[in-house]
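I have placed the structure first, in the form of structure tokens, so that the comments after it can refer back to it.
In the text below, chain A, chain B and the rest are named by the order of the sequence lines, each starting its count at 1. Quick note: numbers below take in every heavy atom, side chains included, and nothing from hydrogens, waters or symmetry partners.
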Protein chains: 2
Amino acid sequence: MSPLREKILSTASHLFQTQGINSTGVDTIVAAAGTTKMTLYKYFRSKENLILEVLEEGHKDFQAWLSEKLNSNTSQPSEKLQKLFDFIEEWVTSPNFRGMGFIKASAEFPSEDSPVHQLSSEQSRQFKQYISSLAHEAHIQDADGLALQLSLLFEGAVQAEQMIRGSGAMTYAKKAAKILINGAATH
Amino acid sequence: MSPLREKILSTASHLFQTQGINSTGVDTIVAAAGTTKMTLYKYFRSKENLILEVLEEGHKDFQAWLSEKLNSNTSQPSEKLQKLFDFIEEWVTSPNFRGMGFIKASAEFPSEDSPVHQLSSEQSRQFKQYISSLAHEAHIQDADGLALQLSLLFEGAVQAEQMIRGSGAMTYAKKAAKILINGAATH
DNA sequence: ATTAGGCTATACAGGTTAGTATAATTAAGC
DNA sequence: GCTTAATTATACTAACCTGTATAGCCTAAT
């Protein structure tokens with residue numbers, strides 16, 4: 001991959017997170033990345049295309065990191081579910097955390113026709129599906145229900161944590177998650 | 001109050017919710033409200049001012065409806081906390097539900113300098129504070145912690161419900177809320 | 001009927017944005 | 001040293017958006 005392409009992607013990702021997607025112009029991105037519009041439009045068909053690639057890369061990175069973390073640090077399926085939120089907290093509070101793109105993207109692109117909205121809602125669905133599969137392996141009866149509840153907590157916490165940095169939302173989300181997991185396991 | 005002013009407010013509220021705030025131009029608003037820009041700018045200093053008033057009205061309506069509902073349908077403080085999510089579900093699934101403005105507004109205006117961001121984060125804080133006061137009256141030890149958890153669930157559920165209409169997110173959020181409330185009450 | 005106030009219609013200024021065209025510049029390979 | 005390819009620099013178009021200016025219209029009260 002071209003290093004300039006990567007630079008544009010990471011710069012855009014950072015700006016989208018801190019300034020918002022719609023309020024970040026292409027000119028701002030290329031200036032911050034130390035390149036020009038011509039180069040950006042060589043690698044990306046349009047701004048929308050760039051947004052989609054930023055979202056995809058961010059989601060892939062997170063999913064890869066999370067499943068690797070779970071697979072190498074736990075053995076039992078029930079243990080994975082228990083440690084899920086510990087690792088999520090680790091991700092969210094890590095210094096290079098650039099936000100969960102799909103959460104904000106769906107808010108900035110509320111129209112269901114928008115490809116950006118479609119991709120981010122698909123990613124949200126995928127994440128919920130992943131939690132559900134963990135719950136299923138741990139032989140939880142209503143695995144989908146628990147997965148939905150945990151993803152609600154997760155999305156709410158990420159948003160709150162970004163709204164007021166250091167609000168401790170993730171800590172309480174973690175506690176709530178453990179209560180819900182234990183409650184679902186005893187049925 | 002002028003009926004035209006009210007019409008502009010309600011029209012803007014509806015459009016902001018369905019199309020997003022930033023992607024809804026004033027021309028679109030006045031066309032949908034059946035008036036002209038001159039009239040809009042007679043009643044509102046700027047678009048930003050209109051956004052702030054829409055947010056304020058929506059939040060006031062919700063808070064008034066919710067506390068009235070709680071006060072007239074419950075007696076004991078613990079009962080209020082228990083029924084909180086039942087009423088929230090009623091509000092969210094009601095046909096004239098126009099969304100929780102402050103949740104999306106903070107996402108569309110991520111810069112902390114923005115007055116819109118400041119107002120919506122203040123409203124989010126107020127809502128959490130209200131839940132906390134209910135929890136306090138019910139003699140829950142960690143009232144703030146429970147309030148934070150419940151507001152996470154709430155914000156997550158509203159967003160999910162809007163992302164995929166009829167996802168049943170609110171139903172599961174309600175169940176999770178009851179588990180968390182009961183867990184917090186026995187400490 | 002006429003006057004006055006609110007509303008409409010329309011055009012426009014000023015700024016911002018995505019995206020393109022064109023030419024100059026750099027750097028690497030032979 | 002020359003060619004080739006990639007990147008830069010800069011200017012521009014076309015669309016869009018907020019906010020304003022100006023003139024005309026309609027209705028209600030006197």
Side-chain angles (χ1 to χ4, degrees), chain A residues 1-55 101 104-105 107-111 113-119, chain B residues 1-55 101 104-105 107-111 113-119:
Chain A
M1 281 290 160
S2 158
L4 252 174
R5 193 178 200 280
E6 292 297 317
K7 177 78 179 171
I8 292 171
L9 267 176
S10 68
T11 304
S13 171
H14 179 247
L15 288 173
F16 287 164
Q17 192 52 42
T18 52
Q19 323 270 335
I21 300 174
N22 280 320
S23 33
T24 301
V26 202
D27 295 276
T28 310
I29 297 171
V30 294
T35 180
T36 64
K37 269 202 284 194
M38 288 314 298
T39 309
L40 188 150
Y41 280 101
K42 187 192 170 187
Y43 289 118
F44 305 94
R45 220 172 304 152
S46 62
K47 187 190 176 183
E48 185 174 73
N49 219 266
L50 172 61
I51 298 169
L52 292 172
E53 285 215 36
V54 166
L55 281 179
K104 279 198 170 181
E108 282 207 59
F109 296 80
S111 165
D113 303 335
S114 158
V116 177
H117 181 92
Q118 284 167 15
L119 177 60
Chain B
M1 281 290 159
S2 159
L4 252 174
R5 193 178 199 282
E6 292 297 316
K7 177 76 178 173
I8 292 171
L9 268 176
S10 68
T11 306
S13 171
H14 180 245
L15 287 174
F16 287 164
Q17 193 52 43
T18 53
Q19 322 272 332
I21 300 173
N22 280 319
S23 35
T24 302
V26 273
D27 295 276
T28 311
I29 296 171
V30 295
T35 182
T36 64
K37 269 201 285 194
M38 288 314 297
T39 309
L40 187 150
Y41 280 99
K42 187 190 169 189
Y43 289 118
F44 305 94
R45 220 172 305 152
S46 62
K47 187 190 175 184
E48 185 174 73
N49 220 266
L50 173 60
I51 298 170
L52 292 172
E53 284 216 35
V54 166
L55 281 179
K104 279 198 172 180
E108 283 207 59
F109 296 79
S111 164
D113 303 337
S114 159
V116 177
H117 181 92
Q118 283 168 15
L119 176 60

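Rounding to the nearest 0.5 Å places CD of Gln17(B) at 5.0 Å from NZ of Lys104(B). To the nearest 0.5 Å, atoms CD (Glu48(A)) and CD1 (Ile21(A)) are separated by 11.0 Å. Here the straight-line distance linking atom CG of Leu40(B) with atom CZ of Arg45(B) works out to 13.5 Å at 0.5 Å rounding. Rounded to the nearest 0.5 Å, atoms CZ (Phe16(A)) and OG1 (Thr28(A)) are 10.0 Å apart. Once rounded to the nearest 0.5 Å, the distance linking CZ of Phe44(B) with CG of Leu52(B) reads 11.0 Å. The NZ atom of Lys7(A) sits 12.5 Å away from atom OG of Ser2(A), with the distance rounded to the nearest 0.5 Å.
Remark: P of dT16(C) and CG of Asp27(A) are 11 Å apart, rounded to the nearest angstrom. Between the CD1 atom of Ile29(B) and the C1' atom of dG19(D) there is a distance of 13 Å, given to the nearest Å. Distance Lys47(B) NZ to dT16(C) C1': 14 Å, rounded to the nearest Å. Rounded to whole Å, atom P of dA18(C) lies 13 Å from atom CD1 of Ile21(A). Put simply, CG on Leu50(A) is 10 Å from P on dG19(C), counting in whole angstrom units. One interatomic measurement links the two molecules: CG of Asn22(B) to P of dT18(D), which rounds to 9 Å at whole-angstrom precision.
With contacts defined as side-chain heavy-atom distances shorter than 4.5 Å, the pair Leu9(A)/Leu50(A) qualifies.
Distances shown here put every side-chain N or O of Tyr41(A) at or beyond 4.0 Å from the OP1 or OP2 atom of dA21(C). Residue Tyr43(A) has no polar side-chain atom (N or O) positioned under 4.0 Å from OP1 or OP2 of dA6(D). OP1 or OP2 of dT8(C) has at least one side-chain nitrogen or oxygen of Thr39(B) nearer than 4.0 Å. Put simply, Lys42(A) has a side-chain N or O that comes within less than 4.0 Å of OP1 or OP2 on dT7(D).
Across all strands shown, Phe44(A) has no heavy atoms under 4.0 Å from either base or sugar-phosphate atoms.
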What are the atom names and distances for every N/O pair under 3.5 Å that joins the protein to nucleotides 9-15 of chain C?
none

